[in-house]
Amino acid sequence: MKNLSLIVLALIAGAASAHGEARKPMLFQASKNNLQVLPQRFEYTLMDEDRLKVGDILIDSTKVTFDLQEPTKNGAPYRVRFTWPADLLKDGELAIKNNAGKAIFTTRLDQSNVKLSKNERDQENLRSDLASLTVELNDPKIVEDMKYLPFMTFCIYRQTDETQTYLCSKELYLSSQQGQLAVRPRSATKKTAQVEINGKVVGNQGIIYLNDRSESVSFKALTQTGAFLEIDTRMNEVDFKDVVQSENGQRMILTASGAEPADGSKVRRLGDGSWQVVVSKERPLLYLKGDGDIPMRQEFYVKGSIPPAKIRPTLSAKSVNKTYSSSVSMDGIASADTNMSADASDKDASFQEEGNQFKWTIKNLPAGKSTRHFLQVQTGSDSFMAGYDVERGNPFSAWLGARYQTPSGIAFGSLGFEWWFENFLGLNADAARLHWGLIVSRDQHLTTNDDYPEIDLTTAELVWRANPGFHLMDETWGLSIPVQMVQGKDASSTAFGLGFFVQNKPTVRWMKKMMEWTELKLQYLPSGSGSDFKVSNAYRLEGSGYYQMKKDMYLKYGLGLVNYKYDPAAPKEDMQIELNALAYWNF
C-alpha cells in the first residue's frame, strides 16, 4: 500500500503544470502496452457434498439454513433467523418452501435489513462471508404447518429479465426435543451430485470462456445433500484504459471503466466513474462482476515492459474530450527522458514537437461516437502508446410527423430542426461550451373544425442545458426562450415566453423496453402582439419517449396538454389533449 500511495502522489504531482494548473493525463491502454487482456471466464468447482466454488466465492450449503426461536411469553411471535453466503446474494427475495415446492413464507431482503459477518479468507483467498436476516412470524399457523411437513427447503433468489441467481438449502425438517423446536437437516438417500451448463451435464469442475455480452451461461449445480444453485448470467464489458507498474516493478496499477471488481474492498473509485486496482505482475488476475454480480475471472498476460507512471505525458487543461467539431487541437507536455511521436497508423492526426512541448491535431472525428487516439512514447529501448479519448456528438437533429388534438379533432403536420452549438457566440468558456442550442419548428394544420380557430405555429427556441454535454447522450434539465408566430387565415400574432425541459434515461423496467430516453417539456407564453388578434395566454406541456429504431434514428411519441387563449376570444378555447408521433433523426 505504501508503494501505491507513492504512485498516486506521483500521478497527482505529474498532472499539474508549473503554474499549478490541473492538466489532463494521457493513458497507457493495457492492450497497447504489453498487457494482453484475456477473455473473461466463468469458473466453478463442486468441491464435496456440501461445498461449491463459483469464481472467488465459497458456498457452503450447510450455512444456507434457518433456526426458530420460540416465544418467551404468551402472545409473542416466533422469530426466525436466516443465514446464507453473503457474497452471492445481499438482496432479493427469501422463501421457505414445503416438500411440494410451494412457498409457505416469503419476505424481501436488502442491504438495510441484512446483517453481514466477515470470515477469514482461506489459502485460496476465497470469499465466504455470511449474511443473516431475523424476522418475526406473526402467523403461528406457519410454524404449526412446519411440524407436519416431511421436509422443507430455504431459498434465496434474485431475478431480472436476463439474469437469475437461485440458491436453495438441503432438505430440512422441524424437530421437537425436550419441548424445544429446532430446524435440522434431513437424513435421506443421497442424491447424485452433478453440474449442468446450458442444459447439459458436465464435469464437477470447469471453466466457460466468454468473449462478449452476446454469450450467456446457464449454470446449475446439485450437491449430494440436495442443496442446489442456479445461475443465469453473462459477462459485463470492461475497458482497461490505463496500466502502469509500481516503483519496485512487482505490481501493476490498472485503471478501468465498465464491469467493476467483485471484491470491492480492494478498489479505489475515481471521480469520473472509473476505478483503480493493484494486481500482482507475477500472477495478474482479478474477478469482475458479471450480470447479477456473479464473479468472472479476468486474467492478463504480460508480454513485455509495463510503462512506469513517471513517463506519462499530459495535455493542457483546456484540451476537450467532448466536441461537436470534426477536428480538435491539443497542447501537451512530454515527460523528461522521453521522445514522443505520432501514431503511424493514425492518418488523420498530425504532431509537432518543440522541446518537451507538443501540439497534437486530430481530424475527421466520426460523429456520434467516442474514439481513442494514440501517441508513441519512447524511453530508452522501450516504446509505449499513450492514448486520449475524444467523443464527438451529433450537432443536428430533424423530425417529421403528426400531432392530433382532441376534443377539437384537428391534426397537424409537424417538422423541425435542432442545432446544438460547440461554443455559444464563439466563447470558449465553461458557461458557453456544450450548453446552448436552437430549435426551429413548424406545425401546419391538416384538418379544420368550424368551432376552433385555424392556426399554424412557427416556433424558434433558444435552449440552455444545465449540464454540458450532448443531446440524447447526456442527461440534463434546462431552460428555453420560445418565440412563436401564431398564424391565422389573414392575420398573425407573435407570442413570447419561457420554457423548461428535463431529459433522462428511463429507470423503470417497463419503460426501458419502450424508450431509450424520456423528455418532459413545458412552454408558457403569457402574452403576444398583433394588430388583428393576439395570444393572451398559452401553454404546452408535453411528455415524450424516444424509441431507438437505429443508431441515430428514433420514434418520438408522446402525450401533451395544450391550451391557447386569444384577444378577441375565439369561439372555443378548450384545453386540448394532444397525441404525437414523429420520426426523429440525429446527424
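As the structure is a prediction and not an experimental result, all values here were calculated from the model.
Between K310 and E247 there is no salt bridge, since no side-chain N of the basic residue sits under 4.0 Å from a carboxylate O of the acidic one. Under 4.0 Å is where a charged nitrogen must lie from a carboxylate oxygen, and between R312 and D242 at least one such pair does. A salt bridge links R158 with D91; the closest basic N to acidic carboxylate O contact falls under 4.0 Å. The residues R41 and E299 are annotated as salt-bridged, a charged nitrogen and a carboxylate oxygen being separated by less than 4.0 angstrom. A salt bridge links R213 with D291: at least one charged nitrogen is closer than 4.0 Å to a carboxylate oxygen.
In this structure, a donor-acceptor pair under 3.5 Å is absent between the side chains of T323 and E391. Side-chain contact annotation: Q164 with Y157, donor-acceptor N/O pair under 3.5 Å absent. There is a side-chain donor-acceptor pair under 3.5 Å between E461 and Q523. With no hydrogens or angles considered, no side-chain donor-acceptor pair links S316 and S319 at under 3.5 Å. Y209 and E43 are not linked by any side-chain donor-acceptor pair at a separation below 3.5 angstrom, with hydrogens and angles left out of the test. A donor-acceptor contact closer than 3.5 angstrom links the side chains of S31 and Q29. In this model, no donor atom of one side chain and acceptor atom of the other lie less than 3.5 Å apart for R251 and S246. Between the side chains of H471 and N586, no donor-acceptor pair of N or O atoms lies under 3.5 Å. Donor-acceptor pairing under 3.5 Å is lacking for the side chains of E230 and T165. Side-chain atoms of N394 and D552 include a donor-acceptor pair closer than 3.5 Å. Residues T361 and S329 bring a donor and an acceptor atom of their side chains to less than 3.5 Å of each other. There is a side-chain donor-acceptor pair under 3.5 Å between D232 and S218. For the 3.5 Å distance criterion, the side chains of E418 and W420 qualify, holding a donor opposite an acceptor.
Closest of all the heavy-atom pairs between W436 and A431 is NE1-O, 3.3 Å. The two residues L52 and T45 make their nearest non-hydrogen contact at CD1-O, 3.3 Å. Across K322 and D474, no two heavy atoms sit closer than the pair NZ-OD2, 3.3 Å. Taking every heavy atom of both residues into account, P295 and G55 meet most closely at CG-CA, 4.0 Å. Here the closest non-hydrogen pair linking N33 and I306 is O-CD1, 3.6 Å. Scanning both residues, I156 and W84, for their nearest heavy atoms gives CD1-CD1, 2.9 Å.
Here the CG-CG distance, from D348 to D343, works out to 11.0 Å after rounding to the nearest 0.5 Å. Atom-to-atom distance recorded for M514:CE and L555:CG is 10.5 Å, nearest 0.5 angstrom. The CG atom of L365 sits 7.0 Å away from atom OG of S326, with the distance rounded to the nearest 0.5 Å.
Residues T476 and F470 have side chains not in contact (no heavy-atom distance under 4.5 Å, counting atoms from C-beta outward). Within the 4.5 Å cutoff, the side chain of F42 has heavy atoms near those of the V54 side chain. The shortest distance between side-chain heavy atoms of L27 and R372 does not fall below 4.5 Å. A heavy-atom distance below 4.5 Å is found between the side chains of D129 and D87. With contacts defined as side-chain heavy-atom distances shorter than 4.5 Å, the pair Q357/D331 does not qualify. Considering only heavy atoms from C-beta on, M26 comes within 4.5 Å of W360 through its side chain. A heavy-atom distance below 4.5 Å is found between the side chains of M385 and Q376. Counting only heavy atoms from C-beta outward, the side chains of V277 and R268 never approach each other to under 4.5 Å.
Remark: K556 fails to qualify as a cation-pi partner of Y547 under the 6.0 Å distance and 45° angle criteria applied to the six-membered ring.
Put simply, the side chain of T233 never gets that close to the backbone of G292: no donor and acceptor are under 3.5 Å apart. Between the W517 side chain and the Q503 main chain, no donor and acceptor come within less than 3.5 Å of each other. Under the 3.5 Å distance criterion, the side-chain polar atoms of D239 are left unmatched by any main-chain donor or acceptor of A256. The backbone N or O of T518 lies less than 3.5 Å from no partner atom in the side chain of N504, so there is not a single donor-acceptor pair. Side-chain atoms of R127 never come within 3.5 Å of backbone atoms of I57 as a donor-acceptor pair (strictly under, hydrogens ignored). Checked by atom type and distance alone, the side chain of T160 pairs as donor or acceptor with a backbone atom of T163 at under 3.5 Å. When atom types are taken as modelled, the side chain of H435 and the backbone of R465 share a donor-acceptor pair closer than 3.5 angstrom. Within the 3.5 Å criterion, the main-chain N or O of L315 finds no donor-acceptor partner in the side chain of K318. Looking at D110, its side chain does come within 3.5 Å of a backbone N or O of S112 through a donor-acceptor pair. N236 contributes a side-chain N or O that, together with a main-chain N or O of K289, makes up a donor-acceptor pair within less than 3.5 Å.
In K505, the NZ atom is crowded: over 12 heavy atoms of neighbouring residues, nucleotides or ligands sit closer than 6.0 Å. The environment of NZ in K551 is crowded: more than 12 heavy-atom neighbours from other residues, nucleotides or ligands sit within 6.0 Å. The environment of D337 atom CG is sparse: at most 12 non-hydrogen atoms of other residues, nucleotides or ligands sit within 6.0 angstrom. Counting heavy atoms of neighbouring residues, nucleotides and ligands inside a 6.0 Å radius, atom CE of M553 exceeds 12 of them. For K115, the NZ atom sits in a loose shell: 12 or fewer heavy atoms of surrounding residues, nucleotides or ligands are nearer than 6.0 Å.
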Do Y546 and E519 pass the side chain to side chain donor-acceptor pair (under 3.5 Å) test, and can you show the C-alpha distance, the side-chain angles, and the key distance before you say yes or no? CA-CA 8 Å; Y546 292 80; E519 181 181 68; 3.3 Å; yes
Walk me through whether F374 and Y388 qualify under ring-ring contact (aromatic ring centres under 6.0 Å, His included). CA-CA 7 Å; F374 295 91; Y388 187 72; over 10 Å; no
Trace of the side-chain contact (heavy atoms from CB on, under 4.5 Å) decision for W464 with I481: CA-CA 9 Å; W464 172 80; I481 302 176; over 6 Å; no
Start with the C-alpha distance between S397 and Y584, add both sets of side-chain angles, then the distance that settles side-chain contact (heavy atoms from CB on, under 4.5 Å), and finish with yes or no. CA-CA 7 Å; S397 302; Y584 193 97; 3.4 Å; yes
Pair E260-R269, salt bridge (charged side-chain N to carboxylate O under 4.0 Å, His left out): steps then yes or no: CA-CA 10 Å; E260 294 188 355; R269 287 180 171 78; 2.7 Å; yes
Let me see the working for T255 and L270 under side-chain contact (heavy atoms from CB on, under 4.5 Å), right down to the final yes or no. CA-CA 9 Å; T255 304; L270 306 180; 3.8 Å; yes
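Ring geometry for W419 versus F421: interplanar angle over 60°, hence perpendicular rather than tilted (30 to 60°). The aromatic rings of F417 and F587 lie tilted to each other, with the angle between the two planes from 30° to 60°.
Under the rule for a side chain to side chain contact (heavy atoms under 4.5 Å, CB included), the partners of S327 that lie at least two apart in sequence or sit in another chain are S325, K363.
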